[in-house]
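Each remark here refers to the structure printed beneath this line.
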Amino acid sequence: MGDYSLLDVRLVEPALLAFLQGENLHGYGLLDKLEDLGLGAINPSVIYRILRNYEEIGLVQSTWDEEKTQGPPRRVYTLTLEGQEALVRAADSLAKTSNRINNILQQIKT
């Protein structure tokens, strides 16, 4: 985990769903978006494990990118209807967690 807290690592889960809400992406595209959040140094194997788990439970689906690239074919991930529903629940949970964090920070500042 390096310099990341357990909370930071857990934020990757809803972040992946949020990224896929707007567009279909391959793993490297998702890693780039995590970089923008300051979470880019999380081990890619963690990201791919989450994506595999999400696919197993139906939150995302993947297809092989058929475009000819210089590297091996890449999986492209798409958010499913179940994934969209999970994202709505995650947003509610994140809002509640944010409130709890703010309450704790207020206690620290006093």
Side-chain angles (χ1 to χ4, degrees):
M1 277 190 334
D3 293 333
Y4 296 114
S5 71
L6 183 56
L7 181 59
D8 288 333
V9 174
R10 293 304 306 259
L11 288 174
V12 170
E13 295 171 357
L16 293 175
L17 295 177
F19 299 151
L20 292 171
Q21 180 182 20
E23 60 186 315
N24 302 335
L25 294 164
H26 54 78
Y28 290 115
L30 292 164
L31 289 168
D32 287 344
K33 289 190 174 283
L34 286 171
E35 180 73 36
D36 295 341
L37 291 180
L39 298 172
I42 290 177
N43 191 315
S45 67
V46 171
I47 308 315
Y48 288 108
R49 188 174 323 119
I50 292 169
L51 290 168
R52 276 193 309 275
N53 290 340
Y54 279 177
E55 192 164 19
E56 287 177 12
I57 62 174
L59 301 184
V60 302
Q61 62 186 22
S62 69
T63 56
W64 288 104
D65 186 356
E66 297 297 326
E67 290 184 28
K68 300 293 181 196
T69 60
Q70 289 185 326
R74 300 180 290 190
R75 283 192 178 274
V76 176
Y77 295 90
T78 304
L79 192 64
T80 64
L81 180 58
E82 292 85 1
Q84 292 170 356
E85 293 168 355
L87 182 57
V88 169
R89 291 189 303 274
D92 181 56
S93 177
L94 285 168
K96 290 175 183 174
T97 299
S98 177
N99 288 335
R100 291 182 194 111
I101 290 170
N102 287 331
N103 289 336
I104 292 168
L105 288 171
Q106 289 299 323
Q107 294 298 312
I108 293 170
K109 292 179 182 179
T110 56

Looking at every non-hydrogen atom in both residues, tell me the closest pair between [X] and [Y] and how far apart they are.
X   : Y   : result
D8  : I42 : O-CD1, 4.5 Å
E13 : I50 : CG-CD1, 3.9 Å
G83 : L17 : O-CD1, 4.3 Å
L59 : E82 : CD2-O, 3.6 Å

Taking side-chain contact (heavy atoms from CB on, under 4.5 Å) as the criterion, tell me which of D36, L34, D32 meets it with F19.
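Exactly one candidate clears the test, L34.
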For [Y], is there any backbone N or O sitting under 3.5 Å from a side-chain donor or acceptor partner on [X]?
X   : Y   : value
Y54 : L79 : no
S93 : R89 : no
S62 : V76 : no

Does any non-hydrogen side-chain atom of [Y] lie less than 4.5 Å from one of [X]?
X    : Y   : answer
L37  : V12 : no
L94  : L11 : yes
I101 : L7  : yes
R74  : W64 : no
L51  : L30 : yes
E85  : V88 : no

Measuring from atom [atom1] of [X] to atom [atom2] of [Y], what distance do you get when rounded to the nearest 0.5 angstrom?
X   : Y   : atom1 : atom2 : value
Y77 : R52 : OH    : CZ    : 7.5 Å
R49 : N43 : CZ    : CG    : 8.0 Å
E55 : N53 : CD    : CG    : 10.5 Å
T97 : D92 : OG1   : CG    : 9.5 Å
L16 : L31 : CG    : CG    : 8.5 Å
L87 : Q21 : CG    : CD    : 5.0 Å

OH (Y28) with more than 12 external heavy atoms under 6.0 Å:
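It does not: Y28 OH has 12 such atoms or fewer within range.
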Carefully, step by step, assess T78 and T63 under the rule side-chain contact (heavy atoms from CB on, under 4.5 Å).
CA-CA 8 Å; T78 304; T63 56; 5.5 Å; no
